Amino acid sequence: MALTMTSEAYLSILECQLYPEGSPLNYGLVNSIQSVKRTSVKHCDNINFYQRILHHEIDSLQQARLLTSQKVVTSGKQFIYVWDLKNTLVRSENERPAAQIKLALDDSSSSIIGPALCVAKNKQIVVNGAENGYLALWNLADYQTGSNQRALMPRNKNKITEDPTNKILSCDCKEDSTNISCTSSRGNVIIWDYRTNKIAQNVEKAHKAAAMSCHMNPHKEHYLLTSSADGIIEWWDTRKMKNVFKNSEPSPLSTFKQHQSSVNKVSWSPHNNELFASCSDDCSVIIWNTEGINKNNNDKQEGAKFKHTGHRQKVLDIAWHPDPEFSKTIASVSPFVSHHGVSGLLQGSINRSIRVVLINKKARF
């Protein structure tokens, strides 16, 4: 599954049949769809519009994450919303379904949800990096069905950054860990243990530019990827990370430098502990293989296994298919401009079937 951001805010669900190689219905390695109309303008016959949801905060939809096959988490500026797709069918143009659960940072209206959002699906945990410098964690098990709760409050919060100009840009959590990793606009990499509510690691200036993304390896407990606005990807062993001050330098296991511009997302493969993908403002997606590379070797070509250059605009996000049977399926998203306004273009490898979830903002229906 993959999510795209496009500014009126609709959550669109599309059913996509990705045919195996060799099938006469296979249109090639990459298929693409444009989500600019309710019926979805499309470049291939194997993608069909299924459902759409008009978001509550129509001018401030930031992120979306799949919690289960039937639940999606979206973030506005005031609240985070949990949607049950089975109960949100839209039957008219003006109908606006209600989210199942709303999450708030506190009881005030001044706290603003930030762009960093992650979920731990099995634990029913949602994490956000707020505009005020806090990492906040909600456990959806705390929500009481049928209660009069206006919104669910965080179970845990920790002030990650005191500087209001040092924004939390990304966060990530794992099913089998109580650590939350996050990155900031000053290039910092922070690890917060929400069980003890303490900062386990705080690597200042781990990157020389804004640290855009982070992802903890789902197979190897201590491996962490981070990326930055200057095109650098760092591979860390969190056991060897250290607090970095003025006269010391961070020490990643290896550095990857093939991208020519900001690396917006890094993502370990859920099926292979040596593979990861990255996407960039340089319009490319790269698949990397860390097996057998020389750690601390800065050869920019080392580890690059495959480079996709089919996008014409910067690539904002990528997603691997979570099912092991679909281990070769990956999707990427970039913006495009049409007479309908700013929307999104999603591309995905063709080898199995998949349900695609899109966010459309400023799409004109």
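Count residues from 1 along the sequence. Predicted model, so just to flag it, every value in this text is computed and none were measured.
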Item to check | pair I160-C182: side-chain heavy atoms closer than 4.5 Å | outcome: yes
Next on the checklist: Could you measure the distance from the CD atom of E291 to the NZ atom of K305? Nearest 0.5 Å is fine.
Outcome noted: 9.0 Å
Next on the checklist: Is the ring pair H308/F306 parallel, tilted or perpendicular, if the boundaries are 30 and 60 degrees?
Outcome noted: parallel
Checklist entry - Can you find a heavy atom in the side chain of K257 that is under 4.5 Å from one in the side chain of I232? => result yes
Item to check | I199-V203 co-clustered via ILVMFWY side chain contacts under 4.5 Å | outcome: no
Checklist entry - Do N202 and N188 meet the criterion of a side-chain donor-acceptor pair at a distance under 3.5 Å? => result no
Next on the checklist: Could you go through V263 and S213, starting from their C-alpha distance and side-chain angles, then the distance that decides it, and tell me whether this counts as side-chain contact (heavy atoms from CB on, under 4.5 Å)?
Outcome noted: CA-CA 8 Å; V263 180; S213 175; over 6 Å; no
Next on the checklist: If you define the side chain from C-beta out and look only at heavy atoms, does anything of E131 sit under 4.5 Å from P115?
Outcome noted: yes
Checklist entry - Does the pair K198/D193 count as a salt bridge with the N-to-O cut at 4.0 Å? => result no
Next on the checklist: I'd like to know if the side chain of S227 reaches the main chain of I233, judged simply by a donor and an acceptor atom lying under 3.5 Å from each other, with no hydrogens or angles considered.
Outcome noted: no
Checklist entry - side-chain contact (heavy atoms from CB on, under 4.5 Å) between L135 and C171: does it pass, once the steps are laid out? => result CA-CA 9 Å; L135 269 180; C171 60; 4.3 Å; yes
Checklist entry - Is there a path of hydrophobic side-chain contacts, each under 4.5 Å between heavy atoms of I, L, V, M, F, W or Y residues, that connects L253 with V266? => result yes
Next on the checklist: For H259 versus S278, what's the shortest heavy-atom pair and its separation?
Outcome noted: NE2-OG, 2.7 Å
Item to check | Candidate pair T183 and S170, rule side-chain hydrogen bond (donor to acceptor under 3.5 Å, both in side chains), full reasoning | outcome: CA-CA 5 Å; T183 62; S170 73; 2.6 Å; yes
Checklist entry - Hey, is CG on D107 packed in by over 12 heavy atoms from elsewhere, all under 6.0 Å? => result no
Checklist entry - Between I113 and L152, is there a shared hydrophobic cluster once you connect ILVMFWY residues whose side-chain heavy atoms come closer than 4.5 Å? => result yes
Item to check | Nearest-0.5 Å distance that lies between atom NZ in K77 and atom CD in Q62 | outcome: 4.0 Å
Checklist entry - What's the shortest heavy-atom distance between W268 and M216, and which atoms? => result CD1-C, 3.6 Å
Next on the checklist: Does any part of the side chain of L103, heavy atoms only, come nearer than 4.5 Å to the side chain of N128, both counted from C-beta?
Outcome noted: no
Next on the checklist: Any non-hydrogen side-chain atom of L224 less than 4.5 Å from a side-chain atom of C214?
Outcome noted: yes
Checklist entry - What's the verdict on side-chain contact (heavy atoms from CB on, under 4.5 Å) for K220 and E274, showing C-alpha distance, side-chain angles and the deciding distance? => result CA-CA 10 Å; K220 295 187 176 181; E274 306 290 352; 3.4 Å; yes
Next on the checklist: Using 0.5 Å steps for rounding, measure from the CZ atom of R195 to the CG atom of N179.
Outcome noted: 9.0 Å
Checklist entry - When you look at W192 and N197, which way does the side-chain hydrogen bond (donor to acceptor under 3.5 Å, both in side chains) test go after all the steps? => result CA-CA 7 Å; W192 169 48; N197 204 25; 3.0 Å; yes
Next on the checklist: Determine whether the aromatic ring centres of residues F256 and F276 are separated by less than 6.0 angstrom.
Outcome noted: yes
Checklist entry - Are K208 and D230 within salt-bridge range, i.e. N to O under 4.0 Å? => result no
Next on the checklist: Restricting to non-hydrogen atoms, name the atom on S228 and the atom on A209 that form the minimum distance, rounded to 0.1 Å.
Outcome noted: CB-O, 4.3 Å
Next on the checklist: Which heavy atom of H219 sits nearest to which heavy atom of P270, and what is that distance?
Outcome noted: CE1-O, 3.0 Å
Checklist entry - Taking everything shown except K174 itself, do over 12 heavy atoms lie less than 6.0 Å from its NZ? => result yes
Checklist entry - Of all heavy-atom pairs between A151 and F79, which one has the smallest distance, and what is that distance? => result CB-CE2, 3.9 Å
Checklist entry - So, does S267 use its side chain to make a donor-acceptor pair with the main chain of A277 at under 3.5 Å? => result no
Checklist entry - Given I286 and S284, is the side-chain contact (heavy atoms from CB on, under 4.5 Å) satisfied, shown in steps? => result CA-CA 7 Å; I286 299 178; S284 72; 4.3 Å; yes
Next on the checklist: Whether the R186 and T165 side chains hold a donor-acceptor pair (N or O, under 3.5 Å, no angle test) is what I'd like checked.
Outcome noted: yes
Next on the checklist: Rounded at 0.5 Å granularity, tell me how far CH2 in W235 sits from OG1 in T255.
Outcome noted: 11.0 Å
Item to check | I80 reachable from L67 in the ILVMFWY side-chain graph, under 4.5 Å edges | outcome: yes
Checklist entry - Does M153 share a hydrophobic cluster with L105, counting links as ILVMFWY side-chain heavy atoms below 4.5 Å and allowing steps through other members? => result no
Checklist entry - Is there side-chain contact between S332 and I318, with heavy atoms separated by less than 4.5 Å? => result yes
Item to check | Over all atoms of both residues, closest heavy-atom pair of Q258 and W288 | outcome: CB-CH2, 3.6 Å
Checklist entry - How long is the gap from OH on Y223 to CG on D237, to the nearest 0.5 Å? => result 6.0 Å
Item to check | Distance, nearest 0.5 Å, that separates CD of Q313 from SG of C283 | outcome: 6.5 Å
